[in-house]
Amino acid sequence: METKQSTEGKWSHGKTMPVKNVQALAADAAELTEEAIKRYIRPARADDVVVAAHGDNSSQSIPVIDLGRLLDPRSYQLEAARLRSACEEWGFFQVKNHEIPDTVLENMRNDLEHFFRLPLDEKNRFGQLPGDLQGYGQAFVESEHQTLDWCDRLYLVTQPPHDREMRPWPTTPVSFRESIESYSSELMRVTGSLMAIIARNLGVDLPSDTYVSQALRMTYYPACPVAHDKVLGISPHSDISMLTLVWELNMVGGLQIKRQDAWVPVKPHPKALVVNVGDFLEIMTNGKYQSIEHRVTVNPHKERMSISAFHLPKFDMSVGPLSEIVGAELKKYKTLRVDEVAKVVFSSKLDGKKTKDYAMLRV
Ligand SMILES: O=C(O)CCC(=O)C(=O)O
Ligand SMILES: [Fe+2]
């Protein structure tokens, strides 16, 4: 019988097997051989086509949406049409003019960099506990035999405030909790603005409790001087969220999105966040907007840091295709509880569009 009424219960469904700290492994440069990192080496794949990086105006660059223009009645219509086509045709875009104050970004960057540079023992004071995913560590490890991702992360549930479990929130540096709090609120604001316009574009009334939960995954990808072309920072996956906002905070590229069976690199934009459609938005729109598979490659010389902010419906909500969108069409997805889907996705290896496979109705 469930007796514990703690907030932990809401988010502790996922679990992972413990593996080595990647930053510590990478720091031991003299020992870094292909043999030493064999758990990270992937079999070569014939379908691994990467599109060459293009200039900013290329048809192979993800669209850049201007939030300032979306919020200005004079430019709304044109920019909202651009947002609609970004959601329909790409599933990924960058958002500029988000008006997140520079100090919020700088504090967050400084504190996260500071945290990742702490000795491992210090970071592990805020480590994951067995059976939970929050805190510092690794994720999505379900077997001794799977290929591992070349990254460490600090994962925290940040919204709504009453769902927070403070133990894994670092207290070193001392300003870190405050920086996370401010960053989290700003990202909620940007997400709220985008979701309101996405709902208008879709002609639906999306209740705000479909994007009230937020989790931040702060990821450190060490440089990988050995066999970097056979190692991935994050395996191909789609995000379980409604909308994910990613900040590539030290401007090192590596994110690639799958488009027409090839991988398209996303060039970091100094003033923009990357936004992507998640699985729950795909389900609610009955596939009108689709979540897109993406992955992160590693750099032989440079470390990379990013913060993914996942925005999700309330955990005890059931999510399915919205009847206003389905209309006379067939429903393509089941209606499922958010925590049920999360449990499946968070406890196993990242592998393509797993939520879709789980939620799709085979008619
Ligand atoms: O690091 C990135 O750019 C993206 C990470 C990502 O895909 C994720 O956290 O789900
Ligand atoms: Fe992702």
Side-chain angles (χ1 to χ4, degrees), residues 21-23 26 40 53 62 64 91-96 98 100 102 104-117 123 133-140 148-158 170 176 179-180 182-184 186-188 190-191 214-224 228 231-241 243-258 263-278 291-311 350:
N21 181 271
V22 183
Q23 193 177 352
Y40 300 83
I62 68 170
V64 180
F92 256 89
F93 54 93
Q94 282 165 315
V95 64
K96 66 174 183 183
H98 44 60
I100 303 176
D102 286 346
V104 171
L105 296 175
E106 273 158 31
N107 291 343
M108 187 66 204
R109 181 179 14 232
N110 289 341
D111 287 351
L112 185 58
E113 283 186 0
H114 183 148
F115 177 78
F116 282 137
R117 304 221 187 288
K123 286 182 291 218
L133 288 180
Q134 286 199 71
Y136 179 68
Q138 293 74 32
F140 307 113
L148 298 176
D149 290 343
W150 189 257
C151 69
D152 307 311
R153 67 245 302 190
L154 173 64
Y155 180 70
L156 300 174
V157 172
T158 39
F176 200 9
S179 303
I180 294 171
S182 307
Y183 183 78
S184 158
E186 286 293 330
L187 275 264
M188 287 304 275
V190 176
T191 300
Q214 182 195 62
L216 296 185
R217 187 192 290 158
M218 298 164 250
T219 312
Y220 181 84
Y221 306 89
C224 184
H228 70 275
V231 172
L232 283 179
I234 293 191
S235 307
H237 67 282
S238 62
D239 293 346
I240 184 179
S241 60
L243 214 57
T244 306
L245 274 61
V246 181
W247 181 29
E248 300 170 275
L249 59 92
N250 66 341
M251 290 290 293
V252 175
L255 176 62
Q256 298 182 337
I257 67 172
K258 196 152 198 190
W263 292 104
V264 178
V266 174
K267 193 171 155 213
H269 185 303
K271 295 276 176 202
L273 301 170
V274 177
V275 182
N276 61 289
V277 169
S291 65
I292 302 296
E293 261 187 77
H294 51 286
R295 66 180 191 180
V296 175
T297 58
V298 289
N299 189 297
H301 312 295
K302 292 183 201 158
E303 63 188 2
R304 177 170 189 273
M305 290 177 226
S306 70
I307 304 177
S308 306
F310 304 101
H311 300 92
L350 284 178

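Side-chain atoms are counted along with the backbone in the values below, which use heavy atoms only and exclude waters and symmetry mates.
- Using cut-offs of 30° and 60° for the angle between ring planes, the Phe115 and Phe176 rings count as tilted.
- We find the OH-CE distance between Tyr183 and Met218 to be 9.5 Å, quoted to the nearest 0.5 Å.
- By the side-chain contact (heavy atoms from CB on, under 4.5 Å) test, Ser182 is found to be paired with Val104, residues two or more places apart in sequence or in another chain being considered.
- Contact annotation: the side chain of Val277 never approaches that of Ile292 to less than 4.5 Å [non-hydrogen atoms, C-beta and beyond].
- We find the NE2-CG distance between His114 and Leu112 to be 11.0 Å, quoted to the nearest 0.5 Å.
- In plain terms, the two heavy atoms of Glu293 and Pro236 that are nearest each other are OE1-CB, 3.4 Å.
- Asp149 contributes atom CG, which lies 10.0 Å from atom OG1 of Thr219 (distance to the nearest 0.5 angstrom).
- Atom CG in Leu273 sits 6.5 Å away from atom CG in Leu187 (nearest 0.5 Å).
- Qualifying ring pair (Phe, Tyr, Trp, His ring centres under 6.0 Å) partners for Tyr221, counting only residues two or more places apart in sequence or in other chains: none.
- A donor-acceptor pair under 3.5 Å is absent between the side-chain atoms of His228 and the main chain of Val298, judged by distance alone.
- Among the candidates Lys123, Glu113, Arg304, Glu303, the single residue satisfying the side-chain hydrogen bond (donor to acceptor under 3.5 Å, both in side chains) test with Tyr220 is Glu303.
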Does His294 form a side-chain contact (heavy atoms from CB on, under 4.5 Å) with His237? I'd like the steps, not just the answer. CA-CA 6 Å; His294 51 286; His237 67 282; 3.0 Å; yes
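- Considering every non-hydrogen atom in both Ser291 and Ser238, the closest pair reads OG-CB, 3.5 Å.
- Here the shortest heavy-atom pairing between Pro268 and Glu248 reads CA-OE1, 3.6 Å.
- Across every non-hydrogen atom of Val157 and Gln134, the tightest pair is N-OE1, 3.0 Å.
- Heavy atoms only, all atoms of each residue included: Asn21 and Gln23 are closest at OD1-N, 3.2 Å.
- In this structure, CD1 in Ile180 is found 5.0 Å from CE in Met108, a value given to the nearest 0.5 Å.
- Taking the six-membered ring where the residue is Trp, Trp150 and Tyr40 present perpendicular rings, their angle passing 60° and hence far from 30°.
- Formation of a donor-acceptor pair under 3.5 Å by the Arg153 side chain with backbone atoms of Arg217 is not found in this model.
- With hydrogens and angles ignored, the 3.5 Å screen pairs a side-chain donor or acceptor of Gln94 with a backbone N or O of Lys267.
- Nearest heavy-atom pair across Cys151 and Gln138 is O-CG, 3.8 Å.
- Summarising the geometry, atom OG1 belonging to Thr158 is positioned 4.0 Å from atom CG belonging to Leu216; distances are rounded to the nearest 0.5 Å.
- In this structure, the side-chain contact (heavy atoms from CB on, under 4.5 Å) partners of Ser241, at least two apart in sequence or on a different chain, are Asp239, Thr244, Phe310.
- The main-chain N or O of Lys271 is found under 3.5 Å from a side-chain atom of His98 such that the two form a donor-acceptor pair.
- A side chain to side chain contact (heavy atoms under 4.5 Å, CB included) with Leu232 is found for exactly one of Val296, Leu148, Thr297, namely Thr297.
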